[in-house]
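If you're wondering where the values come from, they're calculated on a predicted model, not measured in any experiment. Chain naming here is simple, since letters A, B, ... match the order of the sequence lines and numbering starts at 1 in each.
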Amino acid sequence: MVSTQVAVALTTIGLYLIATLAIGYRGWDVGEVGISDWMTAGRSLGIVVLTFTYASTYHSAFAFLGAAGFIYGNGIGIYMSAYVWFVIGALVLWIVGSRIWLVGKKYDYVTPSDLLGDAYDSKFLGKAVSLVLIVSTFPYIAIQMIGVGIIFETATKGLISFEVGAATLLLVSVVYVWMGGMRSVAWTDTLQGAFMFVAIWIATATFLLGAYGGDLAAFWNSLVANFGSHVTLPGPSNTYTPAFTVSWWVMLGLGLMMTPHIFLRYYAADSPRTLKWVAATGTGYLLIFYIPIAFLALGGLALLPELGTPDAVVPEVLYAFTPVWFASIIVSGAIAAAMSTADSQLHAVSTLVANDWYEDVAGDVDGVSEALLAKGSVAVLGFIAYVVSIQEINFIVQLANIAFEGAAQIFPLLVGVFFWRRATREGAITGFTLGVLVTTVLKFNVVSLPSAFPGFMAGFYGLAVNVLAFAGVSYAVTNASYGNLARLQGYVEQATDRQWEQSTSSDD
Amino acid sequence: MVRIIKNREGWVATALLAVFVVAMNPPVVYVANSATTTFGIGTLYLYAIAWGLFSIGVLVWAVRNDAYALTEEEIPPELREDEDVDLAGGDV
C-alpha cells in the first residue's frame, strides 16, 4: 500500500515533469532551426522570462536546501553577505551585462571566450577561459543530480531509489534542453522559479501557523533565549569573521555573474532595457526569496536540534509540522530549484563545447553540424554527469569547489575590455592564469597560507594576484593588442555618448 | 571617456548603495549584533531584511531614472532597428 506521502509526492513530481516537458516542447516548436537560436534564444528574452530564468538559474538546490542547512549550522550571518552579493550581481548585470549584450549583438558573440578571445586577440586566452568554465561548471550538474536524487528518495520514502530519481529528472532535463536550447530552458525556468517562490513562502507561513500558532514574537523569543549565537555574529562556529564576510560577497557577487550559465543570459536578452530591469526585478526576487528561509532553518534548530543532516532541515521541518500531502508538494519545489540550475548548466557547458572547441577540432563547420554537436553534447554530458553522481567520483565533485571563485577570475578581464585603455593581451593572460592557479592551489590546500594572513577565501587571494598581475604586466608591455580592444571600446563609447547622432546631423 | 554613471540620480543611487554595503559589513553591522528582539523579530535579522528591502527600492529607483549606462536610448540605430527598442522606455 502506497502511503499518502509517496502518492502525493509522485503525483506532484509527475505533473511537474509533464509540465516542464510540455513547456520545453513549446520552446522547441516556436524556435528557429539554427545554432544561434538554440544557444541564445535568438537574443529575444524579455523582462518576465529573463527575470525568472536569471533568478532560478542564479540559485540552485542551495537556495532550498543548502542555505537552510547553512543557517541551521552557522546562524543568520549569511544574510549580511548574500544580500550584498545579490546587489553586486545586479550592478554587474546592468553595467557589464548591457555592454556584453551590445558587443555580442554587434559581433555575434555567443560565449565568454568569443568575447574575450576577440577582444584580446588571443585564441589561447579564449580557450583558457572556456576550459576553466567547463571544468569548474560541469561537476555542478552532477551535484544538482545528487541533490534531486536524494530529494526524490526522501519524498517517496525510498520507493523510488536515488539512482532512478536522478536518472528520471536528468532525462527530462536532457530532452527539453536538447529540443529547445536556451528558449526551452528559460521558459521552464519561469515555471520552476514561480513554483519555488510561491512554495517557500506558503511553506513558511504554514509552518509558523502549525508550530507557533502564527506568533512571530514567540518564535523569535525562543530563539533569542536558547540559540543566541545563531541570531548574532560571528555565529556558533565563528564562521562570519570580517575577512570571510567581505571576501564571500566579493567572490560570489562577481563569481556567480561570470559563470557560463549566467553569462549566456547577457546575450539572450532582447535589449539593454531588459537587462536593466532584470537588475532590479531579478535581484528583488532573490532578496525576497531568502526572507522566509531563516524561519524554516531556525525553526528546525529550535524544534529538531539533533538533525544528522542539516541540509535536510526544510523537508524534515515540513514533514514534522505540516500535513504530509502539503509537505510533499512543497518538497517538489526543491526539485524545481535543482533542475532550474542543472538544465541551464547543461545547456551552457554544451554551448561552450560546441562553440569554443568543435570548430577548431573539426575544421570548417556549418551551423547544422554545430547544432547537432551541441545537442549531442547535452546527452553525452548528461550521461557523464549521471555516472559521476551515482558513482560519487569525489575528484570530479571536488572540482565544483572552485566553480565561483574560478569564474570570478574572468571579471578583471571584462573590466579591461570595457573600461581600461591600458589593458593588454599579455596582462590579461598573465593575470587570469595566475588568478586561477593561486585559487586552485589554495582551495585544494596544495599550499597553506601562514596564520598571519587574514582568513579571506582562496579565490579572493587569486583575484588580488590576478588584478595586480594584469595591471602590472599591462603597464610594463607595449600595448600591441589594442586594435581589437580599441574597436570594442570605441563601439561602446559610440553608444554611451550617442555619437551616431553627431554623424547623422553632420550628414544632414 | 568611459561613462558608467549617467546623471545625478546615478550618483545618488551609487551613494545609497555604498551606504547599504557599509551597513551590511563590519564594523557598522555590529550596531544590530545583539541577541534581542525588535518589534518581536530578531534584531540582526530585522536589520538585514530592512537593508535588503532598502536596496531593492534603490535599484528600482535607479532603473526608473536610467542611472547607469547602457540603457535603451544608447543603442546604436543599426542594432536598434533590429530590436525595435522603445526609445520612450524606462517603465516596464
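The residue among B/Thr36, B/Val60, B/Leu44, B/Val21 with the most heavy atom pairs within less than 4.5 Å of chain A is B/Leu44. Interface remark: of the candidates A/His230, A/Met80, A/Gln489, A/Met80 forms the most heavy-atom pairs closer than 4.5 Å to chain B. The candidate from B/Leu70, B/Val58, B/Asn25 with the greatest count of non-hydrogen atom pairs under 4.5 Å with chain A is B/Leu70. Ranked by non-hydrogen atom pairs under 4.5 Å with chain B, the options A/Phe86, A/Phe219, A/Trp94 are led by A/Trp94. Between chain A and the options B/Val29, B/Thr43, B/Ile56, heavy-atom pairs under 4.5 Å are most frequent for B/Ile56. Among the candidates A/Ile288, A/Thr274, A/Leu233, A/Thr283, the residue making the largest number of heavy-atom pairs closer than 4.5 Å to chain B is A/Leu233. Heavy-atom pairs under 4.5 Å with chain B peak, among A/Phe418, A/Tyr79, A/Tyr491, at A/Tyr491.
B/Tyr30 touches chain A through its side chain: at least one heavy atom from C-beta onward sits under 4.5 Å away, while N, CA, C and O do not. Using a 4.5 Å cut-off between heavy atoms, A/Ala279 touches chain B through its backbone atoms (N, CA, C, O) alone. When heavy atoms are compared at a cutoff of 4.5 Å, B/Ser34 approaches chain A solely by way of its backbone atoms N, CA, C and O. Both the backbone and the side chain of B/Ala67 come within contact range of chain A, with heavy atoms under 4.5 Å apart. Heavy-atom distances place the side chain of A/Trp249, and not its backbone, under 4.5 Å from chain B. Interface remark: A/Ile76 contributes side-chain atoms only to the contact with chain B (heavy atom separation under 4.5 Å). Contacts of A/Phe295 with chain B are made by side-chain atoms alone, with heavy-atom separations under 4.5 Å and no backbone atom involved. Of the two parts of B/Ala62, the backbone and the side chain both hold a non-hydrogen atom closer than 4.5 Å to a non-hydrogen atom of chain A. Residue A/Leu223 does not touch chain B at all, counting heavy-atom pairs closer than 4.5 Å. Neither the backbone nor the side chain of A/Ile88 comes within contact range of chain B; no heavy atom of the residue lies under 4.5 Å from a heavy atom of that chain.
Inspection of non-hydrogen atoms places no residue of residues 7-16 of chain B under 4.5 Å from chain A. At a heavy-atom separation below 4.5 angstrom, chain B is approached by A/Pro242, A/Thr245 within residues 235-245 of chain A.
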From CA spacing to verdict: side chain to side chain contact (heavy atoms under 4.5 Å, CB included), A/Leu50, A/Leu275: CA-CA 8 Å; A/Leu50 196 69; A/Leu275 289 165; 3.9 Å; yes
- request: Dump the intermediate steps for side chain to side chain contact (heavy atoms under 4.5 Å, CB included) on A/Arg99 and A/Leu414, then the final yes or no.
  value: CA-CA 10 Å; A/Arg99 285 164 168 78; A/Leu414 280 176; over 6 Å; no
message: side chain to side chain contact (heavy atoms under 4.5 Å, CB included), that's the test. Do B/Ile41 and B/Leu46 meet it? Break it down for me.
response: CA-CA 6 Å; B/Ile41 296 174; B/Leu46 185 65; 4.1 Å; yes
query: So A/Tyr290 and A/Ile293, side chain to side chain contact (heavy atoms under 4.5 Å, CB included) or not? Walk me through it.
result: CA-CA 5 Å; A/Tyr290 271 77; A/Ile293 290 174; 4.0 Å; yes
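Residue A/Trp220 holds its CH2 atom at 10.0 Å from OG1 of B/Thr37, rounded to the nearest 0.5 Å. To the nearest 0.5 Å, atom CG of residue A/Leu254 and atom CZ of residue A/Phe411 are 5.0 Å apart. With values rounded to the nearest 0.5 angstrom, A/Leu286 atom CG is found 6.0 Å from A/Tyr54 atom OH. Expressed to the nearest 0.5 Å, how far OG1 of A/Thr190 lies from CG of A/Leu45 amounts to 8.5 Å. B/Thr38 OG1 to B/Tyr45 OH: the interatomic distance, rounded to the nearest 0.5 Å, is 13.5 Å. Note that CD1 of A/Ile95 is 5.5 Å distant from CD1 of B/Ile4, once rounded to the nearest 0.5 Å.
A cation-pi arrangement is found for A/Arg487 relative to A/Tyr107, the charged atom lying closer than 6.0 Å to the ring centre and inside a 45° cone about the ring normal.
Under the 3.5 Å distance criterion, the side-chain polar atoms of A/Thr496 are matched with a main-chain donor or acceptor of A/Glu493. At least one donor-acceptor pair under 3.5 Å links the side chain of A/Tyr83 to the backbone N or O of A/Leu287.
Residues A/Ile71 and A/Ile78 have side chains in contact (heavy-atom distance under 4.5 Å, counting atoms from C-beta outward).
Salt bridge A/Asp497/B/Arg3: present, at least one basic N to carboxylate O contact under 4.0 Å. Of the charged side-chain nitrogens involved, none lies within less than 4.0 Å of a carboxylate oxygen, so that B/Glu73 and A/Arg498 do not count as a salt-bridged pair. The residues A/Asp108 and A/Arg43 are annotated as salt-bridged, a charged nitrogen and a carboxylate oxygen being separated by less than 4.0 angstrom.
Between A/Lys276 and A/Ser98, the side chains place no donor N or O within less than 3.5 Å of an acceptor N or O (distance only, hydrogens not considered).
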